[in-house]
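See below for the structure under consideration.
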Amino acid sequence: MYTTELQKTKAVAGTEDPDKLAAFEARVAADEFIEPKDWMPEAYRRTLTRQISQHAHSEIVGMLPEGNWITRAPSLRRKAILLAKVQDEAGHGLYLYSAAETLGTSREEMIEALHSGKAKYSTIFNYPTLTWADIGAIGWLVDGAAIMNQVPLQRTSYGPYARAMVRVCKEESFHQRQGYEIMMHLAAGTPEQKRMAQDALNRWWWPSLMMFGPPDADSPNTAQSMRWRIKRETNDELRQKFVDITVPQAEALGLSVPDPVLAWNEEKGGHDFGEIDWEEFYAVVRGEGPVAKERMKARRDAWEEGAWVREAAAAYAEKHARKAEAA
Amino acid sequence: MASLPPIDLPRGATGAGAFDALAEGGENNVLFGFLLRLGDDSLILGQRLSEWTGHAPSVEVDLSLANIALDLVGQATHFLNHAGEVEGKGRDGDALAFRRDVLDFRNCWLVEQPNGDFAQTMARQLLFSGWQKLLFQALLGSRDATVAAVAEKAVKEVTYHEELAAEWVIRLGDGTEESRRRMQDGLEWMWRFVPELFDMDPLAAFVAEHGLGADLAALRPAWDRRVRSVIEQATLRVPADQRPILGGRRGHHSEHLGHLLCTMQFLPRTYPDATW
């Protein structure tokens, strides 16, 4: 899973040492990786902390819509695959939190920011999973969009993030294939299964396009992020790629993309597609998505109800560290 | 190896009408019944553990619970597919997992118990995985080649499950006041389901005698040593024994199993003609 750039970093230009900044920018321009102990501009650190922690939160919150179907997966094979997939997401969350921690913010601080609503996560997870086909659609579309976003991030300028992305991308490509395979099965199945598949595509298509973030014209941070090679392609470029790859896949399934304007444009060598409802996008960013409250409540409940376990583990570790010292 | 001829067992050692007698119309094919016991234990506990996904006390715990669930679903798949072959009526693991009702499930009571809090989940895991580890070690020598092969793979998995559970029981028992209380409560809650694990009913006795299954009663001393040592390290009390609650192995379960099956079997039941 991937997260869009949902919050803005306040400009801190003019406060950095110009020589250090020039050296840093030269390294980035030469495609060198920046490592945790290297000097970096404060805005770079903040942008990355925000982006990586949002990405981590997205993985963790993203476990919920799919976790919703593990207990109802329709065969032993599907159950095992879905369990493995959601487990991968927990793993992604874990090493993304670790990558973000190298920038100087603790995991607890990041989780608190999520629970207080200060930190964001991908808007896509604020939509409900209604039928089994939603598990197919999430793998196919949501993980498909994530891969589109994450492949360029394997070359992002911050070393720990780039390296985490290498592993994440391998697993995501498995996730996407399993999602598409579910859709193939449903699309070739009974009328009820086809109905589920089409309905899932109808509901997940537009939110998936929104995953790439606001249009370039409304994404003021893009230029700076591109310059620092945090980002390697713009939101609109990635969105176009996603549409061009996904439309033929929908056709192969015999499903229709819910966009009456969608058409191949020979001249531009890509699809034209309809206007995204940005009002809905910004509402979901504000926390007004259909199941946003449920998602946040589930995360807060898990955290609060598990507090005694974490406290016990800490108390035990401390007790035994003291004993070891005394011995 | 080929399946055994169907063997009729006495209708429950305790006689007709007893709770732990064989459920009405119950299957008497011994090897099939034995494989259901193995497969259903793993399936039902895997299903229970997967309920935690996304809701565990930390990401690390989420990972380990999902990992255990995944191992158990894998074991269930092997055992139930084999059970279907042995039965010879064209049912596969999915048909057995998703199209049977409570009276035909052969898992023990322990695995169908709700997760409760994390301490209860870990108590259940310690008691069960400690038993499953000894069982699978014994099944390495099973005359049924499939059972032996699955046991060989699974024994490594359940050794890890048991170690993980033991570590948590110790940490929680010797952690804070609250965790200590919860861990003791968890053990007390689950303890009444222990005797069923070691119950040598006629089917268990038959498969043990014929080199297919293990002598369950003989596993008890090693299990006691291990579990008591963990409880001691956790600075907790070993709960008191009570009259055994039996019946799961013969289709008589707690009220929880029906609800678990409702959730698990919903799609195949609702769309009987569909494949997934």
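To find a chain, count down the sequence lines: A is the first, B the second, and so on, and within it residues start at 1. Being a predicted model, the structure only gives us computed values, none of them experimental. These numbers come from the heavy atoms of this one structure, side chains and all, not from hydrogens, waters or symmetry mates.
- A distance of 4.5 Å separates OH of Y161(A) from CG of L153(A), quoted to the nearest 0.5 Å.
- Heavy-atom pairs under 4.5 Å with chain A were tallied for T77(B), T176(B), L63(B); the largest tally goes to L63(B).
- Test Q132(B), Q75(B), K133(B) against E157(B) for side-chain hydrogen bond (donor to acceptor under 3.5 Å, both in side chains) and you get one pass: Q75(B).
- Using a distance-only test at 3.5 Å, with no hydrogens or angles considered, a donor-acceptor pair links the side chain of R48(B) to the main chain of Q113(B).
- Within the structure, every pair that satisfies the ring pair (Phe, Tyr, Trp, His ring centres under 6.0 Å) test and touches residues 308-327 of chain A, not counting sequence neighbours, is listed here: Y316(A)-H320(A).
- Ranked by heavy-atom pairs shorter than 4.5 Å toward chain A, the options E178(B), E60(B), Q265(B) are led by E60(B).
- Taking 4.5 Å as the heavy-atom cut-off, the residues of residues 187-197 of chain A that approach chain B are T190(A), E192(A), Q193(A), M196(A), ordered by number.
- With respect to chain B, the highest number of heavy-atom pairs below 4.5 Å among I111(A), T71(A), D88(A), I70(A) belongs to T71(A).
- Residue W168(B) touches chain A through its side chain alone, counting heavy-atom pairs closer than 4.5 Å.
- Ranked by heavy-atom pairs shorter than 4.5 Å toward chain B, the options K79(A), E311(A), E304(A), K319(A) are led by K319(A).
- Both the backbone and the side chain of L76(A) come within contact range of chain B, with heavy atoms under 4.5 Å apart.
- Contacts of F266(B) with chain A are made by side-chain atoms alone, with heavy-atom separations under 4.5 Å and no backbone atom involved.
- No side-chain donor-acceptor contact under 3.5 Å links T105(A) to the backbone of E101(A).
- Of the atoms belonging to R78(A), it is side-chain heavy atoms, and not backbone ones, that fall under 4.5 Å from chain B.
- For R182(B), the part lying under 4.5 angstrom from a heavy atom of chain A is the side chain only.
- Side-chain N or O atoms of E112(B) include one that pairs as donor or acceptor with a backbone N or O of S254(B) at under 3.5 Å.
- Both the backbone and the side chain of V309(A) come within less than 4.5 Å of a heavy atom in chain B.
- The distance from the NE2 atom of H161(B) to the CZ atom of F128(B) is 10.0 Å, given to the nearest 0.5 Å.
- Both the backbone and the side chain of N67(B) come within contact range of chain A, with heavy atoms under 4.5 Å apart.
- Chain B forms more heavy-atom pairs under 4.5 Å with one residue of A80(A), A314(A), G67(A) than with any other, namely A80(A).
- Proximity to chain A involves both the backbone and the side chain of D174(B), based on heavy atoms less than 4.5 angstrom apart.
- For a residue to count as touching a neighbouring chain, one of its non-hydrogen atoms must lie under 4.5 Å from one of that chain's; by this rule A69(B) touches chain A with backbone and side chain alike.
- Ranking W276(B), W52(B), F118(B) against chain A, the residue ahead of the rest is W276(B), based on heavy-atom pairs under 4.5 Å.
- No side-chain N or O of R203(A) forms a donor-acceptor pair with one of Y127(A) less than 3.5 Å apart.
- Ranked by heavy-atom pairs under 4.5 Å with chain B, the list E181(A), H185(A), M63(A), R299(A) is led by H185(A).
- Both cation-pi conditions hold for R100(B) and F105(B): the charged atom is under 6.0 angstrom from the six-membered ring centre and inside a 45 degree cone around its axis.
- Judged purely by distance below 3.5 Å, without hydrogens or angles, the side chains of R249(B) and N107(B) never pair a donor atom with an acceptor atom.
- Geometrically, R310(A) engages W303(A) in a cation-pi contact defined by less than 6.0 Å to the ring centre and at most 45° from the axis.
- Judged by distance alone, the side chains of Q47(B) and E51(B) never bring a donor and an acceptor atom under 3.5 Å apart.
- Using a 4.5 Å cut-off between heavy atoms, A73(A) touches chain B through its backbone atoms (N, CA, C, O) alone.
- Of the candidates R107(A), E108(A), H55(A), H57(A), H57(A) is the only one forming a side-chain hydrogen bond (donor to acceptor under 3.5 Å, both in side chains) with Y97(A).
- Ion pair R106(B)/D41(B) not flagged as a salt bridge, since none of the NZ, NE, NH1 or NH2 atoms sits closer than 4.0 Å to an Asp/Glu carboxylate oxygen.
- Under the 3.5 Å distance criterion, with hydrogens and angles disregarded, a donor-acceptor pair is assigned to the side chains of Q125(B) and S129(B).
- Here the CE atom belonging to M184(A) is positioned 11.5 Å from the CG atom belonging to L255(A), to the nearest 0.5 angstrom.
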Exercise. Apply side chain to side chain contact (heavy atoms under 4.5 Å, CB included) to M165(A) and L96(A), showing your working.
Key: CA-CA 9 Å; M165(A) 280 307 104; L96(A) 284 164; 3.6 Å; yes
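- Note on S75(A), G93(A), G306(A): by heavy-atom pairs under 4.5 Å with chain B, the leading option is S75(A).
- Of the atoms belonging to L186(A), it is side-chain heavy atoms, and not backbone ones, that fall under 4.5 Å from chain B.
- Of the listed residues (D94(B), L260(B), V73(B), T53(B)), the greatest number of heavy-atom pairs within a distance under 4.5 Å of chain A belongs to D94(B).
- For chain B, the option among A313(A), A298(A), A312(A) with the highest count of heavy-atom pairs below 4.5 Å is A312(A).
- In this structure, the portions of I170(B) lying under 4.5 Å from any heavy atom of chain A include both its backbone and its side chain.
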